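Just so it is clear: chains get the letters A, B, ... in the order the sequence lines come, proteins before strands, and each one is counted from 1. Remember, predicted model here, so these are calculated numbers, not experimental data.
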Amino acid sequence: MKPNAALEGLFNGGNTPKAMKTGTTIAGVVFKDGVVLGADTRATSGEVVADKMCAKIHYISPNIYCCGAGTAADTEKTTDLLSSNLAIYSLNSGRNPRVVMAVNILQDMLYRYHGQIGANLILGGVDCTGNHLYTVGPYGSVNKVPYLSMGSGDLAALGILEDGFKPDLELEPAKELVRAAIKAGIMNDLGSGNNIDICVITKQRVDYIRPYQESQYKDNRKIKYKYRPGMTPFLTEKVVPLKLEVVQESVQKMETA
Amino acid sequence: MLFTCMFQHFGDPGKMKDYHYTGPVEHKFSPYAFNGGTVLAVAGEDFAIVASDTRLSEGYSIHSRDSPKCYKLTDTTVLGCSGFHGDCLTLTKIIDARLKMYKHSNNKTMTSGAIAAMLSTILYSRRFFPYYVYNIIGGLDEEGKGAVYSFDPVGSYQRDTYKAGGSASAMLQPLLDNQIGFKNMEGVEHVPLTKDKAVQLVKDVFISAAERDVYTGDALRICVITKEGINEETIPLRKD
């Protein structure tokens with residue numbers, strides 16, 4: 001049963017658009033006071049890098065964050081849906097949601113779709129029962145683990161985690177372990193790259209550090225590629241004046257690397 | 001990934017797997033692999049440049065970070081080949097042997113144009129089981145002017161001023177069309193390309209390719225061919 005069979009009929013045998021996959025390295029580690037989650041920031045569409053600074057650590061609730069690997073749209077929408085549902089629960093009960101609740105809701109939804117939703121998630125959070133790290137697969141499988149990595153770079157990162165993990169790590173060694181694991185994924189896996197994001201969740205607070213470590217590769221092009229006005233040939237010209245008043249002005253720098 | 005693969009082998013849910021032989025079973029073995037890599041060649045007035053990245057990959061893994069794709073054929077000709085590494089190696093061995101044979105029979109080194117014509121026949125001789133290689137030859141012709149010959153996997157070729165081939169070729173070619181061919185621009189003075197500007201352009205263009213193509217990176221090997229000889233330079237690129 002192919003999910004997008006109806007879509008293929010519309011393209012007359014041409015190429016259907018490929019879903020943007022994150023081709024990722026994500027990792028999580030439980031330490032003494034909480035959970036550390038890490039992720040790289042590259043999103044690929046086939047062999048082309050689609051986004052060099054995409055955010056893979058998603059907010060679920062004030063005490064729970066989730067890293068997502070797999071199809072980008074699936075991970076984003078699934079985590080958004082989960083976050084909304086848990087927010088409603090919080091408002092109804094006046095409590096912070098527990099990590100097991102998030103896991104059960106996710107598992108339920110993904111199993112219902114029988115793997116058609118390509119979301120490989122690592123959920124980490126701190127609640128009244130302790131520090132928890134879970135993984136949920138696209139078919140609805142769940143595992144509760146002390147450390148884990150997922151995505152196309154999972155084996156590279158897992159090597160570092162297996163070597164360096166100890167129960168009850170302190171904060172700085174735990175952050176360093178996750179950073180090294182993601183770095184291994186970035187260097188050895190072609191689907192992962194660019195910067196490293198880290199999210200530290202403890203009982204008192206959440207530190208979402210984006211980026212935790214910037215990529216050391218700065219583009220250093222020497223020639224200035226400037227296009228003066230008049231270089232683009234135009235065939236006809238039609239000027240329509242618009243009467244506008246400036247209400248708000250904001251500047252957002254474009255990624256020109 | 002690790003945990004979900006076991007679920008993919010379940011057939012129809014709720015039905016026992018049928019154990020009967022349904023006829024010949026087709027196994028998918030492909031004689032080709034795609035090892036990535038990008039090559040680029042530019043011809044100037046009295047020089048030619050052949051550049052390639054040095055990453056050898058397969059799937060999402062890296063086999064080697066130091067596997068350049070430029071092969072020196074003669075003192076005035078360099079071949080850049082990307083695609084399936086096994087075929088690249090065999091093809092370059094065959095070309096080397098044929099160059100030697102020509103030298104021994106004709107008592108002179110093959111010219112760039114002659115090598116290009118020979119490569120075309122070598123590739124076409126394998127029309128029905130092609131060499132999965134994208135070739136670009138860069139060198140100096142008999143008059144000492146820069147020459148670039150670009151090929152497809154079965155031997156169709158033409159002489160160009162500049163050409164990009166390999167995994168990031170679709171990203172590089174439009175930029176070269178604009179900067180070297182002055183295409184899609186007007187009101188720009190068509191200055192002839194100097195060697196230094198060409199080398200800097202090639203470096204910049206590969207930095208851009210490494211940003212957006214996962215198969216391109218690690219290092220860039222540039223071979224500059226002039227009448228003095230072949231000068232090789234290696235500069236680092238992104239390793240992630």
Note to self: If only side-chain N and O atoms count, and only distance matters, is there a donor-acceptor pair under 3.5 Å linking Tyr225(A) with Asn178(B)?
What the structure shows: no
The reported gap from CG in Leu155(A) to OG in Ser61(B) (rounded to nearest 0.5 angstrom) is 9.0 Å
Taken to the nearest 0.5 Å, the spacing of Glu47(A) CD from Thr216(B) OG1 works out to 8.0 Å
If you count every heavy atom of other residues, nucleotides or ligands that lies below 6.0 Å from Lys145(B) atom NZ, does the total exceed 12?
no
What one should report as the nearest heavy-atom pair of Gly46(A) and Tyr60(B) is O-OH, 4.2 Å
- Task: For Tyr111(A), look at atom OH and say whether over 12 heavy atoms of other residues, nucleotides or ligands are found less than 6.0 Å away.
- Result: no
Is there a side-chain contact between Val205(B) and Arg221(A) in this structure, where contact means two heavy atoms from C-beta onward sitting under 4.5 Å apart?
no
Among residues 230-240 of chain B, residues within the sub-4.5 Å heavy-atom range of chain A, in order of number, are Leu237(B), Arg238(B), Lys239(B), Asp240(B)
One should read off an interatomic distance between Arg212(B) CZ and Ser45(A) OG, to the nearest 0.5 angstrom, of 11.0 Å
Of the listed Val49(A), Asn188(A), Thr232(A), the one with the largest count of heavy-atom pairs under 4.5 Å with chain B is Val49(A)
Given the options Arg42(A), Lys52(A), Lys218(A), Glu211(B) meets salt bridge (Lys or Arg N to Asp or Glu O under 4.0 Å) only with Lys52(A)
Looking at Tyr113(A), I want to see if its OH is surrounded by more than 12 non-hydrogen atoms of other residues, nucleotides or ligands under 6.0 Å. no
Checked Gln179(B), Met171(B), Lys197(B), Arg55(B) vs chain A; the most non-hydrogen pairs under 4.5 Å come from Gln179(B)
Closest non-hydrogen contact found for Leu190(A) with Gly59(B) is CD1-O, 3.8 Å
Scored by heavy-atom pairs under 4.5 Å with chain B, the best of Ile186(A), Asn220(A), Ile223(A), Val48(A) is Ile223(A)
Bottom line for Ser208(B): the part with an atom under 4.5 Å from chain A's heavy atoms is both
- Is the count of non-hydrogen atoms from other residues, nucleotides or ligands lying under 6.0 Å from Tyr65(A) atom OH greater than 12? yes
From the list Arg228(A), Met187(A), Lys183(A), the residue making the most non-hydrogen contacts under 4.5 Å with chain B is Met187(A)
Among residues 180-192 of chain B, residues within the sub-4.5 Å heavy-atom range of chain A, in order of number, are Asn184(B), Met185(B), Glu186(B), Gly187(B), Val188(B)
